[in-house]
Amino acid sequence: MTTSDITLAARGADTILPPGRLEGLLESGRSLRVKLGLDPTAPMVTLGWAVVLRKLRHFQELGHTAVLIVGDFTARVGDPSGKSETRRRLTADEVRSYAKPLLDQFQRALLPEPLEIRWNSEWLEALDMSEILELASTVTVAQMLERSDFANRYSEGTPISIMEFLYPLLQGYDSVAVEADVELGGSDQLWNLMMGRIIQTRYGQEPQVALTMPLLTGTDGRQKMSQSLGNYIGVTEPAAEIFGKTMSIPDHLLGEWFRLAADRPAEEVDQILEGINSGRLHPAKAKRLLGKRIVSLYWGEEKATTAEADFDQRFKHREVPQDAPPFAMPTDDPVYLPGLLRSSQLAPSASQGRRLIDAGAVRIDGEQVQGYEIARARLVRKTLTVGKRRSVFLRN
RNA sequence: GCCGGGAUACCCAAGCGGCCAAAGGGAGCAGACUGUAAAUCUGCCGGCGAUGCCUUCGGAGGUUCAAAUCCUUCUCCCGGCACCA
């Protein structure tokens with residue numbers, strides 16, 4: 001039993017420190033407090049964030065308590081991890097507007113029990129100056145400058161504010177506040193998690209185990225998944241969308257995505273990769289399986305099957321989508337198509353709409369359109385598509 | 001504080017009086033080919049009911065028939081020096 005516990009707990013992990021300690025904790029039979037802190041800095045939970053959330057869920061499945069910290073305070077400070085310049089600080093309003101929808105999405109990825117949700121403004125806002133000084137005395141400037149992101153910025157002369165030095169301390173203090181036995185994070189968080197150990201020790205607590213997960217590569221296959229880069233998939237996106245976007249990832253991501261995004265066990269992943277390498281399994285087939293697995297996690301098995309069928313209809317056979325959102329047409333006749341493309345959000349501007357028409361990207365019920373003036377009768381109750389992804393159904 | 005360099009579209013970056021809605025690259029979008037993959041090729045990539053008009057080259061003002069380009073001033077960045085330690 002313990003062996004399989006450890007297998008699940010460590011599955012997919014990038015780094016677990018200190019060595020052997022996690023095994024010790026799991027064997028102790030004690031119910032552990034497993035901390036995951038997420039700053040509400042963007043409005044959506046992507047598959048990237050979901051990687052650590054899934055990891056937290058593993059611990060829940062093993063009966064341990066998930067302590068999810070909403071970093072409403074730390075989001076206003078700005079995590080310097082992996083950054084080459086000062087992160088923009090969010091306002092309290094921005095944080096609040098993100099936090100609420102995020103919370104629902106977090107819970108979608110986790111089990112309802114055992115789960116503890118805390119907001120770190122609860123204790124961080126309450127710190128007074130003498131407590132902050134106490135906290136600040138735990139780490140030296142030299143220690144801070146060991147971090148590669150700070151070291152790079154320092155040597156390049158890019159400004160580092162003292163506030164940024166405070167960030168890891170606050171995160172570490174979170175661990176003290178919730179008495180974490182384990183803290184999870186992305187691999188860029190390792191330093192912060194280790195800082196938590198130092199701070200916990202200073203406050204007389206047993207230092208936590210730091211467990212980091214690799215950062216998921218985005219749909220572009222190059223950079224880390226992030227909302228600002230637009231290479232992401234959100235867990236609340238429609239099933240068909242998740243499936244479709246998954247199909248568009250480069251093949252070389254298959255292994256990583258099966259492991260991290262679909263959260264499959266190592267043996268299964270190896271088997272799939274072996275199948276691809278030996279030619280027994282076509283990469284497109286594997287990717288379909290991946291898409292279904294991912295959709296199942298957030299929408300269930302049934303929706304996953306539907307999503308796959310939709311995909312074939314839409315893209316493989318290039319059929320006109322049945323589920324295009326309706327859009328009420330203007331009453332003009334003839335209709336100025338570039339304007340319609342803009343007002344229906346199929347194109348950002350009428351000018352770009354024109355160019356899309358010129359490029360042959362615009363279709364009415366699957367038929368390419370030429371020209372800007374279209375008789376109203378040709379459009380009513382038809383589906384207007386731009387490219388393969390965007391479409392509306394034109395209501396009268 | 002002084003001297004010098006710089007700020008150009010989503011990002012990098014050319015342009016230094018008209019030929020500039022602004023080279024080139026990246027990103028993005030679309031088309032072809034595919035497995036909606038990658039790679040490749042092609043087109044587009046400020047707005048406008050549009051062979052023309054309007055708004056853009058850090059901000060404001062000016063010179064000029066004409067300014068991204070010249071002048072004044074302001075803001076911010078970068079390098080050097082000085083100051084402080």
Side-chain angles (χ1 to χ4, degrees), chain A residues 84-86 88 153-160 217-233 237-258 261 272-273 275-277 279-292 294-295 307-321 330-343 345-363 366-376 384-391:
Chain A
S84 55
E85 55 189 76
T86 307
R88 191 177 73 87
R153 287 166 61 183
Y154 189 66
S155 64
E156 281 164 21
T158 325
I160 305 170
T217 306
T219 50
D220 60 358
R222 291 173 221 272
Q223 291 177 277
K224 300 305 156 207
M225 184 176 285
S226 93
Q227 281 167 81
S228 49
L229 292 172
N231 60 355
Y232 67 92
I233 299 180
E237 291 190 56
E241 202 60 27
I242 296 180
F243 189 89
K245 283 192 183 179
T246 302
M247 287 306 287
S248 79
I249 66 169
D251 288 358
H252 69 260
L253 292 184
L254 276 168
E256 177 185 337
W257 275 51
F258 262 112
I272 290 166
L273 291 181
I276 293 171
N277 286 334
R280 274 200 317 279
L281 179 62
H282 193 285
K285 268 234 155 106
K287 213 180 281 178
R288 278 168 175 275
L289 181 63
L290 174 66
K292 269 165 61 170
I294 295 175
V295 173
E308 187 182 20
D310 274 4
F311 170 81
D312 281 344
Q313 257 183 19
R314 181 102 138 243
F315 297 111
K316 208 169 173 192
H317 311 303
R318 206 169 185 147
E319 283 174 21
V320 178
T331 48
D332 324 23
D333 194 3
V335 175
Y336 177 60
L337 194 53
L340 178 61
L341 289 169
R342 179 198 43 214
S343 54
Q345 318 249 295
L346 256 34
S349 67
S351 294
Q352 293 203 33
R354 281 177 172 241
R355 292 185 207 113
L356 287 166
I357 295 168
D358 294 343
V362 180
R363 290 162 195 266
E367 265 190 69
Q368 238 180 41
V369 199
Q370 313 267 328
Y372 305 145
E373 302 283 347
I374 308 294
R376 201 162 188 282
L384 185 64
T385 58
V386 172
K388 291 170 203 157
R389 317 198 61 116
R390 285 167 280 170
S391 59

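Just so it is clear: chains get the letters A, B, ... in the order the sequence lines come, proteins before strands, and each one is counted from 1.
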Partner lookup for [N], please. Criteria are Watson-Crick or G-U wobble with both distances under 3.5 angstrom; report none if nothing qualifies.
N	value
B:U75	B:A7
B:A21	none
B:U40	B:A32
B:U63	none
B:C81	B:G1
B:U56	none

* **Residue closer to the 5' end of RNA chain B, A:Pro334 versus A:Asp312 (nearest nucleotide)** => A:Asp312

* Find which nucleotide of RNA chain B each of A:Ile249 and A:Pro348 is nearest to by heavy atoms, and output the residue with the more 5' nucleotide. => A:Ile249

Quickly work out the [X] [atom1] to [N] [atom2] distance and round it to whole Å.
X	N	atom1	atom2	answer
A:Lys287	B:U34	NZ	P	16 Å
A:Arg354	B:U51	CZ	P	9 Å
A:Asn231	B:C11	CG	P	18 Å
A:His282	B:A38	NE2	P	14 Å
A:Leu253	B:A39	CG	P	12 Å
A:Gln352	B:G43	CD	P	18 Å
A:Leu341	B:C45	CG	C1'	16 Å
A:Lys245	B:A37	NZ	P	16 Å

* To do: For the residue pair A:Asp310 and A:Phe315, establish whether any side-chain heavy-atom pair is separated by less than 4.5 Å.
  => no

* Asked: How about A:Leu290 and A:Ile272: do any of their side-chain heavy atoms sit closer than 4.5 Å?
  -> no

* Structure fact -> When rounded to the nearest 0.5 Å, the distance separating OG1 of A:Thr219 from CG of A:Asn231 is 5.0 Å

* How long is the span from the CG atom in A:Leu253 to the CZ atom in A:Arg222, to the nearest 0.5 Å? -> 10.5 Å

Between [X] (side chain only) and [Y] (backbone N and O only), is there a donor and an acceptor less than 3.5 Å apart?
X	Y	answer
A:Gln352	A:Ala347	no
A:Arg390	A:Leu346	yes
A:Lys245	A:Tyr232	yes

* Think A:Arg355 has a side-chain N or O under 4.0 angstrom from the OP1 or OP2 of B:C48? -> no

* **N/O (side chain, A:Ser349) to phosphate O (OP1/OP2, B:G46) under 4.0 Å** => no

For atom [atom1], what is the distance between [N] and [M], given to the nearest Å?
N	M	atom1	value
B:A68	B:G6	C1'	15 Å
B:G28	B:A82	C1'	48 Å
B:A37	B:G43	C1'	22 Å
B:U55	B:A60	P	14 Å
B:G18	B:A13	P	24 Å
B:G4	B:C54	C1'	39 Å
B:G24	B:U63	C1'	33 Å
B:G62	B:C53	P	25 Å

* Asked: If every non-hydrogen atom of A:Arg354 is compared with every non-hydrogen atom of A:Pro338, which pair is closest and at what distance?
  -> CG-CG, 3.6 Å

* Does A:Asp251 make a side-chain donor-acceptor contact with the base of B:G35, cut-off 3.5 Å? -> yes

Select base, sugar-phosphate, or nothing to describe what [X] touches, counting heavy atoms under 4.0 Å on all strands.
X	result
A:His252	nothing
A:Pro338	nothing
A:Ser248	sugar-phosphate
A:Gly244	base
A:Asp332	base

* Structure fact -> side-chain hydrogen bond (donor to acceptor under 3.5 Å, both in side chains) filter on A:Glu256, not counting sequence neighbours, yields A:Thr217

* Structure fact -> With sequence neighbours left out, the residues meeting side-chain hydrogen bond (donor to acceptor under 3.5 Å, both in side chains) with A:Glu241 are A:Arg389

* Quick one: what's the B/S/- string for nucleotides 28-33 of chain B, heavy-atom cutoff under 4.0 Å, read 5' to 3'? -> -SSS--

